[in-house]
Amino acid sequence: MNLDKVFGIHEQALQLRARRAEVLAANLANADTPGYKARDFDFREILRGQLPPQVQLAATRPGHIVPPREALPPAALQYRVPQQPSLDGNTVEVEREQVEYSANAVQYQASLRFLDETIRTLRTAIKGAAQ
């Protein structure tokens, strides 16, 4: 059984949602910092990049090291363009950040719930009886 197929993209989605929550929380924490530039990333685009490639690379010798997959490449974090920039150069729009943070939290919970149900189903299949 390939667990990657069982869990799908939800493992990567959880990592990206957690990282996005950190970025959005940093934006909210610096809402009053002059000159602070709000940052965010395109979740869908990054998650699309996390999907397994069509061609798999293989470590064919003992010295080959498979690099760990970064949840968020550094270049993916971009500055947000404000709708109403403030005079002090801060680009954090608190209402927008709160909405984005809340939506991200709900989507994080949905992925977590999916993984929980999948694990529960696997546990039931292994034990052979519903609990």
Side-chain angles (χ1 to χ4, degrees):
M1 175 185 294
N2 186 347
L3 291 180
D4 287 341
K5 289 184 180 178
V6 173
F7 295 127
I9 61 169
H10 290 278
E11 178 187 351
Q12 291 88 4
L14 277 178
Q15 291 175 356
L16 284 175
R17 291 280 176 215
R19 181 68 178 113
R20 187 160 188 243
E22 292 173 7
V23 171
L24 295 173
N27 289 345
L28 284 169
N30 289 290
D32 294 329
T33 304
Y36 182 82
K37 306 293 183 203
R39 302 186 84 180
D40 199 359
F41 59 89
D42 186 351
F43 177 83
R44 290 182 184 187
E45 188 65 32
I46 300 299
L47 187 60
R48 191 174 301 131
Q50 297 285 319
L51 294 177
Q54 298 297 326
V55 177
Q56 294 285 335
L57 299 178
T60 57
R61 296 181 183 216
H64 291 176
I65 298 173
V66 178
R69 295 176 62 173
E70 291 285 332
L72 179 64
L77 202 55
Q78 299 177 349
Y79 292 104
R80 191 187 304 264
V81 177
Q83 293 178 347
Q84 293 181 342
S86 64
L87 293 176
D88 64 1
N90 187 311
T91 61
V92 175
E93 296 170 315
V94 175
E95 295 82 15
R96 182 177 180 182
E97 299 298 331
Q98 288 172 337
V99 168
E100 294 289 337
Y101 190 88
S102 296
N104 189 60
V106 167
Q107 292 161 345
Y108 180 89
Q109 288 294 324
S111 287
L112 198 58
R113 190 163 293 152
F114 175 83
L115 287 176
D116 185 47
E117 287 297 322
T118 302
I119 291 170
R120 191 173 306 180
T121 301
L122 287 173
R123 186 180 304 148
T124 300
I126 291 170
K127 289 184 175 182
Q131 294 183 5

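Starting from 1, each residue takes its place in the sequence as its number.
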**Message:** With a 4.5 Å cut-off on side-chain heavy atoms, are Leu16 and Gln107 touching?
**Reply:** no
**Message:** Treating Asn104 as the side-chain partner and Glu100 as the backbone partner, does any N or O pair qualify as donor plus acceptor under 3.5 Å?
**Reply:** no
**Asked** How far does CD of Glu117 sit from CZ of Arg113, to the nearest 0.5 angstrom?
**Response** 8.5 Å
**Message:** Nearest 0.5 angstrom please: Ile9 CD1 to Arg48 CZ, how far?
**Reply:** 10.5 Å
**Prompt:** Who passes side-chain hydrogen bond (donor to acceptor under 3.5 Å, both in side chains) against Ser102, sequence neighbours left out?
**Reply:** none
**Message:** Given 3.5 Å as the limit, does a donor-acceptor pair link the side chain of Thr91 with the main chain of Pro82, or not?
**Reply:** no
**Request:** Would you please say whether a donor-acceptor pair under 3.5 Å links the side chains of Asn27 and Tyr101?
**Result:** no
**Message:** With no hydrogens and no angle check, just 3.5 Å: does a side-chain donor-acceptor pair link Arg39 and Gln78?
**Reply:** no
**Request:** Following the transitive rule for hydrophobic clusters with a side-chain heavy-atom cut-off under 4.5 Å over Ile, Leu, Val, Met, Phe, Trp and Tyr, establish whether Leu122 and Leu115 coincide in one cluster.
**Result:** yes
**Prompt:** Within a radius of less than 6.0 Å around CD of Gln84, do more than 12 heavy atoms belonging to other residues, nucleotides or ligands occur?
**Reply:** no
**Message:** Please check this pair: side chain of Lys37 against backbone of Val81, looking for a donor-acceptor N/O pair closer than 3.5 Å.
**Reply:** no
**Side-chain heavy atoms of Tyr36 within contact of Asp88, under 4.5 Å** = no
**Message:** If hydrophobic clusters are built from ILVMFWY residues whose side chains come within less than 4.5 Å, do Leu112 and Ile119 share one?
**Reply:** yes
**Asked** Going hydrophobic residue to hydrophobic residue with side-chain gaps under 4.5 angstrom, can you get from Leu47 over to Leu77?
**Response** yes
**Message:** Under 4.0 Å between a side-chain nitrogen and a carboxylate oxygen: does that hold for Glu93 and Arg80?
**Reply:** no
**Asked** Who are the side-chain hydrogen bond (donor to acceptor under 3.5 Å, both in side chains) partners of Ser111, not counting sequence neighbours?
**Response** His10
**Request:** Give a yes or no on whether Phe7 and Tyr108 share a hydrophobic cluster (residues Ile, Leu, Val, Met, Phe, Trp, Tyr; joining criterion: side-chain heavy atoms under 4.5 Å apart).
**Result:** yes
**Item:** Spacing of CG belonging to Asp42 relative to CZ belonging to Arg20, to within rounding of 0.5 Å
**Value:** 8.5 Å
**Message:** Check for me, please, whether Val99 and Val94 land in the same ILVMFWY cluster - side-chain distances under 4.5 Å, paths through other members count.
**Reply:** no
**Message:** Between Asn90 and Asp32, is there a side-chain heavy-atom distance shorter than 4.5 Å?
**Reply:** no
**Request:** Would you verify whether the NZ or CZ of Arg17 falls within 45 degrees of the ring axis of Phe43 while also being under 6.0 Å from that six-membered ring's centre?
**Result:** yes
